[in-house]
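Before any comments, here is the structure.
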Amino acid sequence: MNPRTHRPHSAVIPVLLALVLALAGVVLIPRISSAATNLVTNGTFETGTLAGWSCSAGSGAAVSGSAHTGTYALQGSPTSGDNARCTQSVSVKPSSTYTLSAWVKGSNVYLGAEGGTSTWTSSTGWAQLTTTFTTSASASTVTVYLHGWYGLPAYQADDVVLDGPGGTGPPPDTTAPTTPGGLTVGSPTSSSLRLNWSAASDANGIARYDVVRGSGTPQSVGNVTSWTATGLSPSTTYSFKVRACDAAGNCSPYGAAVSGTTSSGPVDPPPGNLPKHILTGYWQNFDNGATLQRIRDVQPNYDVIAVAFADAVPSQQGAITFNLDPTLSSRLGGYTAAEFKADIAAKQAAGKKVILSVGGELGTISVANSTAAANFASSALSVLREYGFNGIDIDLENGVNAQYMGQALQSLRSSFGSGLIIAMAPQTIDMQSPSFEYFKLALAIKDILTVVNVQYYNSGAMNGCNGQVYSQGTVDFITAQACIMLKGGLRPDQVGLGLPASSRGAGSGYVSPTIVNNALDCLTKGTNCGSFKPDTTWPTLRGAMTWSTNWDALNGNQFSNQVGSHVHSLP
């Protein structure tokens, strides 16, 4: 018996059966094992392109040589200001359950669906991520996404599968906008150039414009047609090009590059004519148990006093006004508008700045269209001039619309003049990514923005700029959060650290003045860091902010005395 030719009886029987059935005219159809329904277009990237996918700031590519299966895989390349987010809109059914999976490798690779769940991993080899979600009762599409983390090495992804019932909604938008034209580069100063271009068109609207300087990485500047490049060197020529992107992530080709040259002379001073390092404190126009103060009572270590808060004008969308709280005035034994204005003038004569804050936890002001933007700008200008405020602070804790608030602030600055201070106090979550509206607003008005004092409290745990998660109340949390802004496109002189003045000033996140000072040292000098130490330092970091001067007074002025003196001692 030859073992190479002998066929076992178990194998002979099916062959004979098939022969008999064939002679009888019966055709056997081979059984095919069922596979998962995949609603993702080009989930294997075997087209050798990113067809069906859109990656932020041109950060993705289909690469060969190391795929999980087949020849090609997605490679996303994060930068300090972009997490290489690649998305695809998929048609789905409402109230249906879906399983999303992908094979990934790299540091801090995320997989998820907008409005659903997400998951992530770090792996040097291929590892599968899987998450399940249920669509809402009105859903017709869902956006699935992959991304890495800011400043980390490139990641790869392959074999992306969305398993579930196919939808009947409209097909995904895969049409790119037209290329913006008419780019001009002018209005030179010694450190800036103003860019203007013609609006692109898209059936579903433009979401943002990306600007590239020279051969650098794209920077999203929001849905605007003018933008100022800052931080440039005197007497230097720079080239720029612009593209348009829609909400689905489709981007036009870049237009032709255009050059401009900065003027000679010293670098322009920061907006607001402020000291190099500043301490900002909020003054409460209400009584909540903290020490009651008039403006004249605010501790002298505060360089900027933010009056909290402006009031909404119910009959005029986006408009603001200001009124002294009558209860506060009564408990102070009478505090008139005339005295308030005189106190502001006295503080300014002492070298301080007093600005008006818009928002707060209960702030109801919304600037979400062009009418509201115009109303905000005109009413803010009127209030600032009436009381003698030096500027405005945006503290809208219910969110902002980067496009229209940006328009409002640009208009206000044009009317008020170059001395206008523009501050912002977003919550920690608002500045986790340059794709978030608050961050987009900061970048869109970077040329006129004074300082962003993020509230590093009431936050819980958050990802830092190194992709690690840190809990609030530590020097690592503060430094790793500030690092996101510092590497995400803002200048160091536009970044401040916001902390409560006492444990009663916030629900959570209070740290001692020593921790605040350690964070300032870590970021500016590379000393007194915790376990996280940034790979560079930012000596021109602007300073610190606290809520509030009133809580500080109740706590023995520890914040203004200790943090204030430390801020002013920074080189």
Side-chain angles (χ1 to χ4, degrees), residues 83 85 107-122 131 133 145 147-152 282 288 308 359-363 394-400 424-442 452-488 490 495-516 518-520 522-523 529-534 544-548 551 559 563:
N83 62 0
R85 179 182 172 93
S107 299
N108 296 78
V109 189
Y110 291 74
L111 171 73
E114 291 184 0
T117 58
S118 65
T119 183
W120 69 281
T121 190
S122 291
T131 185
F133 62 92
Y145 63 83
H147 67 77
W149 200 252
Y150 305 96
L152 294 183
Y282 283 82
N288 66 346
E361 180 183 3
L362 303 178
I394 306 302
D395 183 18
L396 293 169
E397 297 184 9
N398 295 317
V400 298
M424 293 167 56
Q427 299 173 100
T428 312
I429 185 64
D430 294 323
M431 301 299 285
Q432 279 273 291
S433 166
S435 65
F436 292 2
E437 286 297 294
Y438 246 113
F439 212 137
K440 286 164 62 177
L441 172 62
V452 180
N453 295 302
V454 178
Q455 302 175 38
Y456 293 133
Y457 47 94
N458 296 334
S459 305
M462 293 281 175
N463 274 317
C465 66
N466 60 345
Q468 302 302 310
V469 177
Y470 296 100
S471 297
Q472 66 179 3
T474 64
V475 66
D476 284 334
F477 180 84
I478 300 169
T479 53
Q481 293 302 316
C483 173
I484 294 176
M485 291 195 296
L486 292 161
K487 291 191 172 184
L490 292 181
V495 175
L497 314 180
L499 283 307
S502 74
S503 58
R504 295 183 62 184
S508 63
Y510 170 74
V511 297
S512 70
T514 300
I515 296 297
V516 182
N518 286 346
L520 290 166
C522 181
L523 293 167
C529 299
S531 61
F532 168 67
K533 184 174 182 178
M545 171 276 281
T546 196
W547 177 269
S548 62
W551 286 117
F559 197 95
V563 178

Going from OG on S502 to OH on Y510, what distance comes out if it is rounded to the nearest 0.5 angstrom? 7.0 Å
Test item: Q427 side-chain N/O and Y457 main-chain N/O as donor-acceptor pair under 3.5 Å: no
Should V563 and T546 count as side-chain neighbours, where that means a heavy-atom distance under 4.5 Å? no
First locate atom CZ of F559, then atom OG of S512, and finally report the distance between them rounded to the nearest 0.5 Å. 10.5 Å
Minimum-distance pair of heavy atoms, taken over all atoms of F436 and I429: CD2-O, 3.2 Å
How close do P500 and G505 get, heavy atom to heavy atom, and via which atoms? CB-C, 4.2 Å
Supply the atom-to-atom distance T428 OG1 to Q455 CD, rounded to the nearest 0.5 angstrom. 7.5 Å
Hey, can you tell me if H147 and Y145 have their rings parallel, tilted or perpendicular (30° and 60° cut-offs)? parallel
OH (Y282) and CE (M545) are apart, to the nearest 0.5 Å, by 4.5 Å
Check whether any side-chain heavy atom of S459 lies under 4.5 Å from a side-chain heavy atom of F477, and answer yes or no. yes
Measuring from atom CD1 of I484 to atom CG of N466, what distance do you get when rounded to the nearest 0.5 angstrom? 9.0 Å
Looking only at heavy atoms, what is the nearest atom pair of F532 and C465, with distance? CZ-SG, 3.6 Å
Acceptor/donor pairs from residues 113-120 side chains to any protein atom, 3.5 angstrom cut, sequence neighbours excluded:
residue	atom	partner	partner atom	Å
E114	OE2	R85	NH2	2.5
T117	OG1	T131	OG1	2.4
T117	OG1	T132	O	3.1

Could you go step by step and tell me if V400 and I394 meet the side-chain contact (heavy atoms from CB on, under 4.5 Å) rule? CA-CA 9 Å; V400 298; I394 306 302; 4.2 Å; yes
Any non-hydrogen side-chain atom of V495 less than 4.5 Å from a side-chain atom of L523? no
Which pair of non-hydrogen atoms, one from L497 and one from A519, has the smallest distance, and what is that distance? CD1-CB, 4.0 Å
Any pair with a residue in residues 424-437 that passes salt bridge (charged side-chain N to carboxylate O under 4.0 Å, His left out), sequence neighbours left out, goes on the list, sorted by first then second residue, please. E437-K440
Closest approach of F439 and M485, non-hydrogen atoms and distance? CZ-CA, 3.8 Å
I'd like to know if the side chain of W547 reaches the main chain of G498, judged simply by a donor and an acceptor atom lying under 3.5 Å from each other, with no hydrogens or angles considered. no
In this structure, CD of Q432 is separated from CE of M462 (nearest 0.5 Å) by 5.5 Å
Quick one: does Y438's side chain get under 4.5 Å of L396's, heavy atoms only? yes
Apply the test side-chain contact (heavy atoms from CB on, under 4.5 Å) to residues L499 and I515: give CA-CA distance (whole Å), side-chain angles for both, the deciding distance (0.1 Å), then the verdict. CA-CA 10 Å; L499 283 307; I515 296 297; over 6 Å; no
Would you say the side-chain atoms of T474 pair up with the backbone N or O of Q472, donor to acceptor, closer than 3.5 Å? no
Are the side chains of Y456 and V516 in contact, using a 4.5 Å heavy-atom criterion? no
